[in-house]
Colleague: 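Below you will find the structure I want to go over with you.
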Amino acid sequence: MNPRLDTLHPYPFEKLRALLAEAGPQPEGLRPINLSIGEPKHAAPACVEQAIREAMPGLSVYPSTKGDPALRRAIAAWLARRYSIPAPDAETQVLPALGSREALFAFAQTVIDPSADSVVVCPNPFYQIYEGAALLAGARPYYVNANPLRDFGCDWHQVPEDIWRKTRLVFVCSPGNPAGNVMSLDDWKMLFALSDRHGFVIASDECYSEIYLDEDNPPLGGLQAARRLGRDDYRNLVAFSSLSKRSNVPGLRSGFVAGDAALLARFLLYRTYHGSAMSPLVAAASVAAWNDEAHVKENRRMYREKFDAVLPILQRVLDVPRPQASFYLWAATPGSDTAFARGLYGRAGITVLPGSFLARPAHGMNPGEGRIRIALVAPLAECVQAAERIAHFVNTSSV
Ligand SMILES: Cc1ncc(COP(=O)(O)O)c(C=O)c1O
């Protein structure tokens, strides 16, 4: 067996199941509300469903790994509209992916030389695929703790020189999971300068880019930042995006990678063997989704409505900032995050994710400790009810 499998950590939801088993049954008479997993629950757009129905003849075709040219063109055009950049070359700078998760994982296998002493830098807390991808590629993860004084952004300049020298890949997540923080142009400028100095590749996870709270202020993207800074070839930069959150279709498994053509050529080679060609049905549905913005705007309106309703209730009892983007709240808990989540489940029937399960102890602390992640994915009325139960729990419990 591959011994690197033994280096993988249990997934946060496995830890959550074990924690909640300790809490015993949920209280009787209270409908359970699950706000732990970031699985969109708003309806999938009708245009996606219709495109799948119309693409049924595609079932008799083996798709190519490089993907349907119409889809690559639709993605390039979307990137141009969304980020006010010239459309990336659909032939060389865009590849479809089966959601961003598999692409983030596979990209690390492409970039890392397993025979070298390689480091992969990732934010902390983080999406656990970054770490698993690094470990299975034979690299050592290095965690950069989120700084609460900087909206939970990472202080890249705190990474020591000897780590940078071995760094081959840096994962960034903007908007961030769990805190919804967005990297500024200055953050990007610093990271690009470090990449130029040390030669590492940047994997920019942007799967929450379309879920933002200020309709007039969409989050800056990695490719957009590169262009603004005159890096027109996107050297050493690849952005990962997805329809899962944007269009409420996590079951479609559709996303893309875009950026540095030289990296994507090698990634395409890897993917040919990896076997990650997109079904023609999914490709047709994805073209329809990327070409439609009305459902995305409505999606944001529904999330905004939930933040507006829930935050005033929670802010009376918890320190919980309004995020710039994503559908998460990253709330401070009075005392231990695990005890809070366990108590909330057992006494109020609400499931949330302890922050410490999303992070690793690093630099003398676990930066997720003392926080919980609340995913506002349930319908509005349920989110409001959950907020009221959380407030009651805080007011009446000794946790
Ligand atoms: C930060 C982050 N990146 C990537 C993903 C993967 O999403 P998908 O594979 O559906 O695009 C998720 C899913 O929750 C996520 O939270």
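Both counts, for ligands and for their atoms, begin at 1 and track the order of listing. Source: prediction; values computed, not measured. We count residues from 1, following the sequence as given.
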Colleague: Under the criterion side chain to side chain contact (heavy atoms under 4.5 Å, CB included), which of P175, S326, P323, P219 is the partner of Y212?
Modeller: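 Among the candidates, only P219 passes.
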
Colleague: Considering heavy atoms of the protein only, find what lies nearest to atom 7 (O) of ligand 1 and give residue, atom and distance to 0.1 Å.
Modeller: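 Heavy-atom neighbour on the protein nearest atom 7 (O) of ligand 1: S100 OG, 3.4 Å.
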
Colleague: Strictly by modelled atom types, are Y83 and R227 linked by a side-chain donor-acceptor pair under 3.5 Å?
Modeller: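 Looking only at side-chain atoms, R227 and Y83 do not form any donor-acceptor pair under 3.5 Å.
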
Colleague: Which ligand 1 atoms are under 4.0 Å away from a heavy-atom of C173?
Modeller: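 Those qualifying, in numeric order: 1 (C).
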
Colleague: From atom 14 (O) of ligand 1, work out which of E102, Q128, K245 has a heavy atom at the shortest distance.
Modeller: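 That would be K245.
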
Colleague: Looking at non-hydrogen atoms alone, which of Y328, Y127, F171 comes nearest to atom 12 (C) of ligand 1?
Modeller: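 Result: the heavy atom closest to atom 12 (C) of ligand 1 is in Y127.
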
Colleague: With a heavy-atom distance limit of 4.0 Å, tell me whether Y208 approaches ligand 1 through its side chain, its backbone, both, or neither.
Modeller: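 Answer for Y208: side chain.
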
Colleague: My understanding is that a hydrophobic cluster links ILVMFWY residues whose side chain heavy atoms are under 4.5 Å apart, including indirect links. Using that, what else belongs to the cluster containing Y273?
Modeller: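 Cluster partners of Y273: L269.
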
Colleague: Are E215 and R304 close enough for a salt bridge, meaning some N to O gap below 4.0 Å?
Modeller: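 The answer is yes: the pair qualifies as a salt bridge.
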
Colleague: Output the list of atoms in ligand 1 that are nearer than 4.0 Å to some heavy atom of C207, sorted by atom number.
Modeller: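 In order of number, 2 (C), 3 (N), 4 (C), 5 (C), 12 (C), 15 (C).
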
Colleague: If the cut-off is 4.0 Å to any non-hydrogen atom of G99, which atoms of ligand 1 fall inside it?
Modeller: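 Result: 9 (O), 11 (O).
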
Colleague: Can you name the atoms of ligand 1, numbered from 1 with element, that are less than 4.0 Å from a heavy atom of S244?
Modeller: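 Reading through ligand 1 atom by atom, the close ones are 8 (P), 10 (O), 11 (O).
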
Colleague: Carefully, step by step, assess E22 and R17 under the rule salt bridge (charged side-chain N to carboxylate O under 4.0 Å, His left out).
Modeller: CA-CA 9 Å; E22 290 168 18; R17 265 191 297 279; over 6 Å; no

Colleague: Check step by step if ring-ring contact (aromatic ring centres under 6.0 Å, His included) holds for Y208 and Y328.
Modeller: CA-CA 10 Å; Y208 293 96; Y328 299 116; 5.4 Å; yes

Colleague: Which residue holds the protein heavy atom closest to atom 9 (O) of ligand 1, what is that atom called, and what is the gap in Å?
Modeller: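 So the nearest neighbour among protein heavy atoms is R253 NH2, 2.7 Å.
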
Colleague: When you measure from atom 3 (N) of ligand 1 to every protein heavy atom, which one gives the shortest distance, and what is it?
Modeller: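 Here the closest protein heavy atom is D205 OD2, 2.5 Å.
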
Colleague: How far does CZ of R371 sit from OG1 of T333, to the nearest 0.5 angstrom?
Modeller: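 Rounded to the nearest 0.5 Å, the CZ-OG1 separation comes to 8.5 Å.
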
